[in-house]
Each structure stands twice: as C-alpha cells, then as structure tokens.
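We use all heavy atoms of the structure for the numbers below, so side chains are in, but hydrogens, waters and symmetry mates are not.
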Amino acid sequence: MLASHRFSALQGGLRRIFSLGAAAMESFSGGDRKVGLASSSSPSVEEELELKGFLDYLESLKNYERSGVPLNAGTDSSDGFDLGRMSRLLDRLGNPHHRFKAVHIAGTKGKGSTAAFLSNILREGGYSVGCYTSPHLLTIRERISLGRGGEPVSSVALNGIFHQVRGILDQSIEMENKALSHFEILTALAFALFAEEKVDIAIIEAGLGGARDATNVLCSTGLDAAVITTIGEEHLTALGGSLESIAMAKSGIIKHGRPLIIGGPFKRHIEQILRSKALSLNAPVISASGCGIRGIVKVFGRENGRPYQSCDVVIQVNKDLQLSIELNDLRLHMLGNHQLQNAVTATCTALCLRDQGWRLSDESIRAGLQNTSMIGRSQFLTSEEVVELGLSGTSVLIDGAHTEASAKALADTVKMAYPDGPFALVIAMANDKDHVGFAKQLLSGLRPGLILLTEVSIAGGKSRMEPASSLKDAWVRAALDLSICFSDIGIVERDRPLPDMSSYPARDGTTLIMGCEALPVQESVKVAGDLIRSRTGSQTGLVVVTGSLHIVSSVLAFLRPRS
C-alpha cells in the first residue's frame with residue numbers, strides 16, 4: 001500500500017485586460033499526454049493543412065466525446081455499443097490487431113499515466129512500441145505514438161494510412177448504416193499503423209468502460225496482460241449507474257489465461273468483482289496495492305527548475321507469479337501519491353511481461369519511470385510560459401483533474417509542491433461532472449484565497465460546457481456545506497470593473513468566489529494571478545488551472561499557437 005509521504009520543503013492594469021479583446025484560442029479536444037509532447041505535439045500550419053481532409057472526414061462522424069455517451073452504452077447489455085461493428089471493420093482491413101502483441105489498460109483514472117510509464121519502460125528495453133490513448137490536448141496525432149522514440153505519429157504517416165484504406169472505411173460506414181463513430185475509425189487506423197510499422201508491442205488504452213469499448217477486440221492469444229487501474233464514479237449513466245456496474249464493464253477486458261494487474265486501492269467488494277471475473281477466466285491476478293508491494297514518496301525537490309518526487313518502490317510477490325524489484329531513490333517527474341501508484345502499477349505490469357520473456361532489466365524499468373512526463377498532468381509551467389500569460393513571479397500549475405478522486409489527488413500535490421504562500425484556483429468544467437463533489441474535495445484539502453470560475457469549449461463545442469454562473473453556484477454550495485468562510489463577489493464580465501481587493505484583506509482568511517463569463521482562459525489565469533497577489537501584497541503566488549482537460553488544452557494552445 002502507498003504510505004503517507006513527508007515533504008521538505010494593480011487594479012488599473014487588470015481593468016485594461018477586459019478591453020483588449022484578445023482572440024481566445026478555442027480548446028482542441030482534450031486528453032492526457034506522454035513523454036516529450038510538451039514541445040513536439042504542437043500542430044504547425046503545414047501539419048494541420050496536410051491533415052485537413054482526414055480531420056474533416058472524422059468531423060463528419062459521430063463524436064461521443066463532444067455530444068456525450070448514450071445511456072448504458074458502455075455496458076455489456078442490449079443497450080451497449082455494438083462491438084460486432086468494430087470487428088467487421090477490422091475484418092475488412094485484414095484484422096491488423098492480430099499482428100502485434102498488446103497490453104490493454106482500462107480504469108476510471110490513471111490509465112493514461114500507466115500507459116505512458118509502461119510504454120517508456122518498454123522503449124528503454126529496446127522495443128518498438130505502439131501506444132494508443134485518448135483523448136488529446138493539442139493535436140489528434142498525440143493519440144498514436146510509434147517506435148522507440150515515443151513521439152506522436154507524423155502527419156505524413158497518419159494521412160498515408162488514412163488514404164490507403166479510405167475506400168474500405170467508406171464502404172464500412174455505408175454497410176454499417178453510418179453508425180461507425182469517430183473513435184472507432186481512429187482506433188482501427190491506429191491498429192493498422194501498428195501492424196504496418198511492425199511494432200513489437202502495443203499499449204492500448206480503453207476509451208470508455210471496457211466490455212463494449214471499441215478497443216476490446218483484442219483476443220487472448222495476442223494479449224500479454226490486462227490492466228485495470230481504478231474504479232470510480234465517472235460516466236455513471238453510460239456504464240450502468242453504479243460502482244458495481246462500472247467494475248463489471250471494465251472487467252470485460254480480462255481475457256482467458258492472461259494476467260490481470262489491478263491498480264487500486266479498491267473497495268473490497270469492487271476488487272472482488274474483478275477477481276471473480278479473473279477466476280472464471282483462469283487469469284492470474286496481481287494487485288499493485290496489495291501485500292508485498294510498497295511505495296513511498298520521501299521528498300519533493302527541484303532539479304534545474306524541474307520538480308520531482310523522490311520515491312522508494314519495493315515489489316516482492318510470490319503468489320500466482322514471481323515478481324521482484326527494488327527501486328530506491330526513484331525520481332518521478334509525475335507528481336503526487338496517485339502518480340506513484342500509477343508507476344507501481346506500470347512496474348507490476350512490466351514485471352509480468354518480464355516473466356513472459358520480455359527483456360526488461362531493473363535499469364530499463366527505472367529509466368522508463370524517471371523519463372516519463374505528461375503535459376496537463378500536475379504540470380508546472382516554465383517561467384517563460386508564465387510571462388507569456390502576462391504574469392511574473394507567479395507559479396502556474398495546470399492539471400486536468402475533473403473527478404472527486406482526481407481533485408483529492410490534486411489537493412495533495414499542491415500541498416506537497418507549494419505548502420506556503422497564497423494561491424488561486426481557475427476552474428472550468430463540463431456539464432456532466434459532479435461539480436459540488438469536485439469542489440468539496442478541493443476545499444477539504446486546500447484554502448485558496450481566490451476561486452475563479454470560468455468557461456471553456458468541450459471537444460470544440462459548447463453543448464457540454466458548464467456556464468460560469470452555474471459553476472459558481474456549485475462552489476458556493478460546497479463552501480456552505482463545509483462551513484468555509486467565503487465571500488461571493490458575483491460574476492465579472494469583460495467590460496465591467498473588477499472588484500476592489502482592498503475590501504477583502506487576506507488576513508481574515510476569507511476565500512473569494514467569483515465567476516468570469518466570455519473571457520478567454522488565458523486572461524482568466526492572468527486575472528486570478530494578479531488579483532491574488534494584489535490581495536495579499538505578495539510578489540509570489542500560485543495559480544492552479546483545473547477542472548477539465550479542455551481548460552488545460554486551452555492554456556497550452558495559447559502558449560503554443562499554430563502559427
């Protein structure tokens with residue numbers, strides 16, 4: 001089990017912000033990303049032009065990331081997605097998924113991080129790795145990586161495979177009565193690329209649930225391991241309405257005789273659902289939070305300005321499989337206890353692969369873990385990026401947390417990395433999330449001086465966007481429920497004056513809650529930074545941008561424009 005950690009440790013100008021009218025960078029479809037993508041995944045004008053036909057093609061298909069998933073669509077029932085549709089599409093493409101080995105990863109949280117850790121471990125072992133994840137932050141190329149470098153697939157390769165099989169795609173869409181979705185087509189193309197590039201192994205992240213997810217066409221003969229990271233109450237309506245039904249849906253990726261690695265920790269009855277399914281399929285189970293496994297965060301530090309946490313990981317498992325490794329003073333650039341748990345889960349999976357004959361030394365496992373980072377996941381912006389946002393002397397942390405569990409993990413990370421000093425939260429969320437529950441988790445662990453609620457497009461559209469006014473109401477309700485001293489200072493619009501911070505002295509400990517409508521995200525971040533420093537009189541401060549991968553995407557899109 002993960003042990004508890006210990007740690008070492010202007011108002012006129014603001015008003016002018018609202019009259020600038022700077023063009024907002026609409027967010028691209030969000031997602032979580034892996035090593036090296038902070039600089040390499042930003043789409044150039046040439047890349048976007050080259051992919052325009054492909055992107056227009058995808059745009060013509062059903063996109064459940066934008067519209068939301070139908071009721072019970074992820075369950076293994078008559079209401080679930082038709083997995084036969086995906087099988088028929090792949091059959092027309094020559095069943096490319098039968099031509100590579102795979103690890104299949106499902107879970108409410110942590111599956112993208114676990115996929116990143118595991119992919120890099122395998123690359124450090126000298127293997128050519130395909131990795132398929134979703135959604136993305138800046139460019140759709142992020143969803144697919146190939147080879148030993150871990151970079152996103154090139155526009156040339158993605159465009160090439162699309163035009164190579166477009167006739168089959170067109171035929172399939174017609175034969176399936178136009179029911180094939182954006183995600184199904186992209187998944188099929190990823191599998192085709194992995195087969196064409198002859199990757200040694202592919203790390204496949206499920207999109208939703210498991211049993212009826214388009215990725216769940218992998219059969220036991222090609223699957224080297226299944227991984228279920230966590231089970232939480234996200235996408236409830238799509239996955240049957242209960243924690244138990246979510247566990248059942250995700251257990252659908254377990255295959256006969258193939259090892260199952262479970263992350264956790266889980267509620268006992270939820271873990272039993274997973275173990276029972278594994279037992280019925282004669283699949284050995286390794287618990288990454290069970291007996292014989294220890295992970296400890298020892299200290300938080302910085303190296304050349306880059307934050308890290310120093311950890312010890314010890315794995316000694318003798319049941320079902322023989323797994324053993326000891327990694328002391330492991331420097332993870334993925335911060336927080338939750339990321340240590342993801343690293344332990346990835347390590348257990350790597351050891352299972354080693355047990356099957358994959359050549360993975362202790363050194364390659366250590367290097368793979370230490371060389372993993374992801375944009376938009378507990379990411380501190382560089383000082384140059386902070387200046388681009390119009391701030392100076394302020395730290396900015398961006399994180400795509402959007403569930404209660406991830407809010408708690410974020411609060412723990414903030415307390416670890418920034419235990420002192422004033423800070424503000426800038427939050428935008430989709431309308432299908434538990435806003436009050438999210439707020440309560442953050443407010444239970446943190447006492448921000450300012451909470452600024454704003455708005456952001458979700459997957460390029462506004463149908464799932466939660467208005468700032470509704471978000472503010474949710475945070476006010478959470479503060480009342482927790483008996484937190486706060487002041488509701490209303491909604492601030494672009495052309496209206498900002499509140500006078502002298503009316504709210506920081507010494508009284510009051511948390512200020514305000515909404516910002518019709519304001520580009522990057523301007524909301526500047527407003528929050530300047531207001532918190534103006535209120536406290538401090539030359540430093542922290543702004544935490546969170547609530548959605550889409551608000552993170554919007555910040556990064558502003559910092560890395562396409563032209």
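Of the possible donor and acceptor atoms, none in the side chain of Ser119 sits under 3.5 Å from a partner among the backbone N and O of Ala116. Listed for the Ser251 side chain is no donor-acceptor partner under 3.5 Å among the backbone atoms of Leu274. Side chain of Ser155 to backbone of Leu51: no donor-acceptor contact under 3.5 angstrom is found. Of the possible polar contacts, one joining the Asn216 side chain to the Gly252 backbone as a donor-acceptor pair under 3.5 Å is found. Thr114 places no side-chain N or O within donor-acceptor distance of the main-chain N or O of Lys111, the cut-off being under 3.5 Å. Between the side chain of Arg354 and the backbone N or O of Leu360, at least one donor-acceptor pair lies under 3.5 Å. The backbone N or O of Asp399 sits less than 3.5 Å from a side-chain atom of Thr546, completing a donor-acceptor pair. With hydrogens and angles ignored, the 3.5 Å screen pairs no side-chain donor or acceptor of Thr230 with any backbone N or O of Gly107. The backbone N or O of Arg331 lies less than 3.5 Å from a partner atom in the side chain of Gln370, making a donor-acceptor pair. Side-chain atoms of Asn431 come within 3.5 Å of backbone N or O of Ser463 as a donor-acceptor pair.
Applying the side chain to side chain donor-acceptor pair (under 3.5 Å) criterion to Glu234, with sequence neighbours excluded, gives His402, Lys433. Taking the side chain to side chain donor-acceptor pair (under 3.5 Å) definition, one finds that Arg148 meets it with nothing, sequence neighbours left out.
Here the rule is side chain to side chain donor-acceptor pair (under 3.5 Å) with Glu271, and of Arg268, His269, Arg275, Lys267 only Arg275 fits it. Exactly one residue among Asp91, Asn95, Leu89 makes a side-chain contact (heavy atoms from CB on, under 4.5 Å) with Leu93. That residue is Leu89.
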*Decide yes or no on side-chain contact (heavy atoms from CB on, under 4.5 Å) for Leu369 and Leu327, but give the supporting numbers first.*
CA-CA 10 Å; Leu369 296 174; Leu327 301 171; 3.9 Å; yes

*Take Leu243 and Glu233 through the test side-chain contact (heavy atoms from CB on, under 4.5 Å) and record every step on the way to the result.*
CA-CA 6 Å; Leu243 208 58; Glu233 293 183 346; 3.6 Å; yes

*For Phe183 and Phe81, run ring pair (Phe, Tyr, Trp, His ring centres under 6.0 Å): C-alpha distance rounded to whole Å, both residues' side-chain angles, the deciding distance at 0.1 Å, then the answer.*
CA-CA 12 Å; Phe183 185 75; Phe81 286 127; 9.0 Å; no

*Leu71 and Asp79: side-chain contact (heavy atoms from CB on, under 4.5 Å), yes or no, with the steps?*
CA-CA 8 Å; Leu71 182 69; Asp79 294 324; over 6 Å; no

*asked:* One pair to check against side-chain contact (heavy atoms from CB on, under 4.5 Å): Leu335 and Val297. What are the steps and the verdict?
replied: CA-CA 10 Å; Leu335 305 179; Val297 177; over 6 Å; no

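A 4.5 Å side-chain heavy-atom check between Ile270 and Glu244 finds at least one atom pair inside the cut-off. Taking the side chain as every heavy atom from C-beta outward, Val103 and Leu122 never approach each other to under 4.5 Å. Using a 4.5 Å cut-off on side-chain heavy atoms (C-beta onward), Leu321 and Pro259 make contact. Residues Phe194 and Ile144 are in side-chain contact: their nearest non-hydrogen atoms beyond the backbone lie under 4.5 Å apart. Between Ser289 and Gln341 the shortest side-chain heavy-atom distance falls below 4.5 Å. Considering only heavy atoms from C-beta on, Met175 stays 4.5 Å or farther from Arg88 through its side chain. Looking at heavy atoms from C-beta onward, Arg85 lies out of side-chain contact with Ser172 at the 4.5 angstrom threshold. Residues Tyr64 and Leu208 have side chains not in contact (no heavy-atom distance under 4.5 Å, counting atoms from C-beta outward).
When all heavy atoms of Leu323 and Cys348 are compared, the closest pair comes out as CD1-O, 4.1 Å. Leu410 and Ala401 get closest at one heavy-atom pair: CD2-CB, 4.3 Å. Minimum heavy-atom separation, Ser145 to Gly150: CB-O, 3.9 Å. Between Ala225 and Ile261, the shortest heavy-atom contact is CB-CD1, 3.9 Å. Smallest separation of non-hydrogen atoms from Ala102 and Ile204: CB-CG1, 4.4 Å. When all heavy atoms are compared, the tightest approach of Arg141 to Leu158 is CG-CD2, 4.2 Å.
In this structure, Lys52 pairs ionically with Asp56, as a charged nitrogen and a carboxylate oxygen lie closer than 4.0 Å. Salt bridge annotation for Asp213-Lys250: absent, with no cationic side-chain nitrogen under 4.0 angstrom from a carboxylate oxygen. Looking at Lys178 and Glu174, a side-chain N of the basic residue comes within less than 4.0 Å of a carboxylate O on the acidic one, giving a salt bridge. Taking a cutoff of 4.0 Å between a charged side-chain nitrogen and a carboxylate oxygen, Arg143 and Glu65 qualify as a salt bridge.
Atoms OG1 and CE, on Thr372 and Met334 in that order, are 7.0 Å from each other to the nearest 0.5 Å. The distance from the CZ atom of Arg377 to the CD1 atom of Ile398 is 10.5 Å, given to the nearest 0.5 Å. The OG1 atom of Thr187 lies 3.0 Å from the OH atom of Tyr132; values are rounded to the nearest 0.5 Å. Note that CD of Glu124 is 11.0 Å distant from CD of Glu363, once rounded to the nearest 0.5 Å. Taking CE of Met86 as the start and OG1 of Thr215 as the end, the distance is 8.0 Å to the nearest 0.5 Å. Of the inter-residue distances, the one linking Asp362 atom CG with Ile325 atom CD1 reads 4.0 Å to the nearest 0.5 angstrom.
There is a side-chain donor-acceptor pair under 3.5 Å between Ser113 and Gln339. With hydrogens and angles left out, the side-chain atoms of Ser128 and Asp200 include no donor and acceptor closer than 3.5 Å. Arg464 and Ser548 are not linked by any side-chain donor-acceptor pair at a separation below 3.5 angstrom, with hydrogens and angles left out of the test.
Screening residues 353-372 for ring pair (Phe, Tyr, Trp, His ring centres under 6.0 Å), with sequence neighbours left out, gives Tyr127-Trp358.
Residue Lys277 places its NZ atom among more than 12 non-hydrogen atoms of other residues, nucleotides or ligands, all under 6.0 Å distant.
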